[in-house]
Amino acid sequence: MATIKEIATLAGVSRGTVDRVLNNRGAVNPQTERKVRQIADAINYKPNKAAKSLAVRKKNYKIAFILPDYVSSNPFFNDVVAGAERKARDLGEYGVSVEFYYSRFADPAAQVELLDTLAHEGISGVAIAPVNHPSVAKKIRQLIAAGIPVVTSNTDIENSNRLAYVGSNYYEGGRTAAGVMGLITAGRANVGIVSGSGSILGHTERVRGFTEHMAAHEPGIRIVGLVENNDDDIESYTVTKDLLEAHPEIDAIYITAAGVYGAGRAIQSLGRTPPIRVVCFDTVPTTVRLIKEGVIAATIDQQPFVQGSKPLGLLYEYLTMGVLPKKEYLYTELGIRIRENL
């Protein structure tokens, strides 16, 4: 088995230099770095997993992943959790433990209390879908100051000093949805917006991206009203139906969050002709079903598996090797899906 010592001998550098290159620690001359990596590849160097695991186990790293309490009722999060669990199993081989916690998005104080409890229990790092509230941002800043790195997942939070954000670019997602809406309506429509919650930054950013794009590029499209469904299908059915009955001129719906199935069934129950055009997000099974039934024209995917796995990987690299994320915003891809490419 190839060793760091062999690479150092072949490259004519110290073992410390090789270690810094292979573990991304510290500055190394670019030419030297390139030479070390070429030699490592040529002799098929593989890190000593057992030794690395032993070193990490001595640190007893514990990472918390905090998700919304409604994950069980929101199928989008099935893939987020699956990604996180897969990465947690990988990290478990190195002795890093990952625990999952859940907090109510309607209660920022409860999320602050949870973060405070985890800090007192000696948590090493936190991945979190945060409530966008100043008290939560303040608590995250306190964790950072105490040496506990925080990475946000799925939705971000302003003024928190978190290490990085992994998730969709919600503003661009809103602009993309606006572009799709413009295409399917030929630039003329009265649009109703069904959003999730004003306390989730991602939802408000999707609304902002959508409305700003419409104002700048689609003068024939008018936004009639906005309702919130709190990511709940039952509530979504009620508020969507109420919106459509109050505004019979609405002929297009933009859904920014979960509750797509409830909104879709409300639209179906009214039996409008011509049908209402719908643009939404994600490819959960119920949304796919509505696309196949012709209720939804297009949806925009956002790689939920990555949103679960990547934050844990970033925290591991930072805790064990001091490696900062290459970017502050690690955006997932926005893929447009219609019936023909599901």
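This structure is a prediction, so every number in the text was calculated from the model and none was measured.
- Scanning all heavy atoms of the two residues, the minimum distance from Ser124 to Ile148 falls at O-CG2, 3.7 Å.
- When Ile253, Leu290, Ile296 are each tested for a side chain to side chain contact (heavy atoms under 4.5 Å, CB included) with Ile267, only one passes: Ile253.
- In this structure, Arg188 places its CZ atom where only 12 or fewer heavy-atom neighbours from other residues, nucleotides or ligands lie under 6.0 Å away.
- Between Glu249 and Val224, the shortest heavy-atom distance links the atoms OE2-CG1, 3.5 Å.
- Cluster annotation: Val151 and Val112 are assigned to the same hydrophobic cluster (Ile/Leu/Val/Met/Phe/Trp/Tyr, side-chain heavy-atom contacts under 4.5 Å, transitive).
- One finds the CD1 atom of Ile157 at 8.5 Å from the CG atom of Leu201 (value rounded to the nearest 0.5 Å).
- In this structure the side chain of Val80 never reaches within 4.5 angstrom of the side chain of Val71, judged on heavy atoms.
- Distance alone, capped at 3.5 Å, places no donor-acceptor pair between the Glu317 side chain and the Val323 backbone.
- For the atom pair OH (Tyr237) and CG (Asp232), the distance works out to 14.0 Å, reported to the nearest 0.5 Å.
- No side-chain heavy atom of Val227 sits less than 4.5 Å from a side-chain heavy atom of Asp242.
- Checking side-chain atoms of Thr155 against main-chain N and O of Gly202 turns up a donor-acceptor pair under 3.5 Å.
- Counting only N and O atoms by type, the side chains of Glu235 and Asn230 include a donor and acceptor under 3.5 Å apart.
- Side-chain contact between Val180 and Ile336: present, with at least one pair of heavy atoms (C-beta onward) separated by less than 4.5 Å.
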Q.
Run Phe100 and Leu67 through side chain to side chain contact (heavy atoms under 4.5 Å, CB included) and show every step you take.
A. CA-CA 7 Å; Phe100 293 88; Leu67 293 161; 4.2 Å; yes
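- Across every non-hydrogen atom of Ser309 and Gly83, the tightest pair is CB-O, 3.3 Å.
- Ile276 places a side-chain heavy atom less than 4.5 Å from the side chain of Leu244.
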What verdict does the side chain to side chain contact (heavy atoms under 4.5 Å, CB included) test give for Thr287 and Ile291, after you've listed the backbone C-alpha separation in whole Å, the side-chain angles of each residue and the deciding distance to 0.1 Å?
CA-CA 6 Å; Thr287 297; Ile291 293 174; 4.2 Å; yes
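- The distance from the CG atom of Asp69 to the CG atom of Asn74 is 11.0 Å, given to the nearest 0.5 Å.
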* Could you go through the side chain to side chain contact (heavy atoms under 4.5 Å, CB included) check for Ser168 and Leu334 one step at a time? => CA-CA 7 Å; Ser168 178; Leu334 296 169; 3.4 Å; yes
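- With values rounded to the nearest 0.5 angstrom, Thr240 atom OG1 is found 11.0 Å from Glu245 atom CD.
- For the pair Asn154 (side chain) and Pro304 (backbone), a donor-acceptor distance under 3.5 Å is absent.
- Across all their heavy atoms, Met214 and Ala178 have their closest contact at CE-O, 3.5 Å.
- In this structure, the side chain of Gln111 engages the main chain of Val131 through a donor-acceptor pair within 3.5 Å.
- Considering every non-hydrogen atom in both Ala258 and Asp231, the closest pair reads N-OD1, 3.2 Å.
- Gln38 and Lys35 form no side-chain donor-acceptor contact under 3.5 Å, judged by distance and modelled atom types alone.
- Atom CZ of Arg272 sits in a crowded spot, with more than 12 heavy atoms from other residues, nucleotides or ligands closer than 6.0 Å.
- Counting heavy-atom neighbours within 6.0 Å of Ile234 CD1, excluding the residue itself, gives a total of 12 or less.
- Rounding to the nearest 0.5 Å places CZ of Arg37 at 12.5 Å from CD1 of Ile39.
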For Leu91 and Tyr61, run side chain to side chain contact (heavy atoms under 4.5 Å, CB included): C-alpha distance rounded to whole Å, both residues' side-chain angles, the deciding distance at 0.1 Å, then the answer.
-> CA-CA 10 Å; Leu91 297 184; Tyr61 290 117; over 6 Å; no
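- For Asp41, the CG atom counts as densely surrounded, since its 6.0 Å shell holds more than 12 non-hydrogen atoms of other residues, nucleotides or ligands.
- Panel note: side chain His203, backbone Ser199; no donor-acceptor pair is recorded below 3.5 Å.
- When side chains are defined from C-beta on, Phe305 counts as touching Arg86, because their heavy atoms get closer than 4.5 Å.
- Within a 6.0 Å sphere centred on CD of Glu212, other residues, nucleotides and ligands contribute more than 12 heavy atoms.
- In this structure, Ser236 contributes its side chain and Asp233 its backbone to no donor-acceptor pair below 3.5 Å.
- No chain of hydrophobic side-chain contacts below 4.5 Å, direct or via other Ile, Leu, Val, Met, Phe, Trp or Tyr residues, connects Met181 to Val278.
- More than 12 heavy atoms of other residues, nucleotides or ligands shown are found within 6.0 angstrom of CD on Glu328.
- Between Ser195 and the options Thr204, Asn229, Thr256, a side chain to side chain donor-acceptor pair (under 3.5 Å) holds for only Thr256.
- Within the 4.5 Å cutoff, the side chain of Arg175 has heavy atoms near those of the Glu172 side chain.
- Tyr165 and Tyr331 have perpendicular rings, their planes meeting at more than 60° on a 0 to 90° scale where under 30° would count as parallel.
- With a 6.0 Å cutoff to the six-membered ring centre and a 45° limit on the axis angle, Arg206 counts as a cation-pi contact of Phe281.
- For Asn190 (side chain) and Asp251 (main-chain N/O), no donor-acceptor pair under 3.5 Å exists by modelled atom type.
- The hydrophobic clustering, which links ILVMFWY residues whose side-chain heavy atoms are closer than 4.5 Å, places Leu315 and Leu114 together.
- The backbone N or O of Gln307 lies less than 3.5 Å from a partner atom in the side chain of Ser153, making a donor-acceptor pair.
- Between Lys327 and Ala164 the shortest heavy-atom distance is O-CB, 4.0 Å.
- Taken together through direct or relayed side-chain contacts under 4.5 Å among Ile, Leu, Val, Met, Phe, Trp and Tyr, Val279 and Phe76 form parts of separate hydrophobic clusters.
- Residues Leu319 and Ile144 share a single hydrophobic cluster, defined by chaining ILVMFWY side chains whose heavy atoms lie under 4.5 Å apart.
- The existence of a salt bridge linking Asp156 and Arg162 is confirmed by a sub-4.0 Å separation between a basic side-chain nitrogen and an acidic carboxylate oxygen.
- Using a distance-only test at 3.5 Å, with no hydrogens or angles considered, a donor-acceptor pair links the side chain of Arg141 to the main chain of Asn159.
- Distance CD1/Ile223 to CD/Glu218: 10.5 Å, rounded to 0.5 Å.
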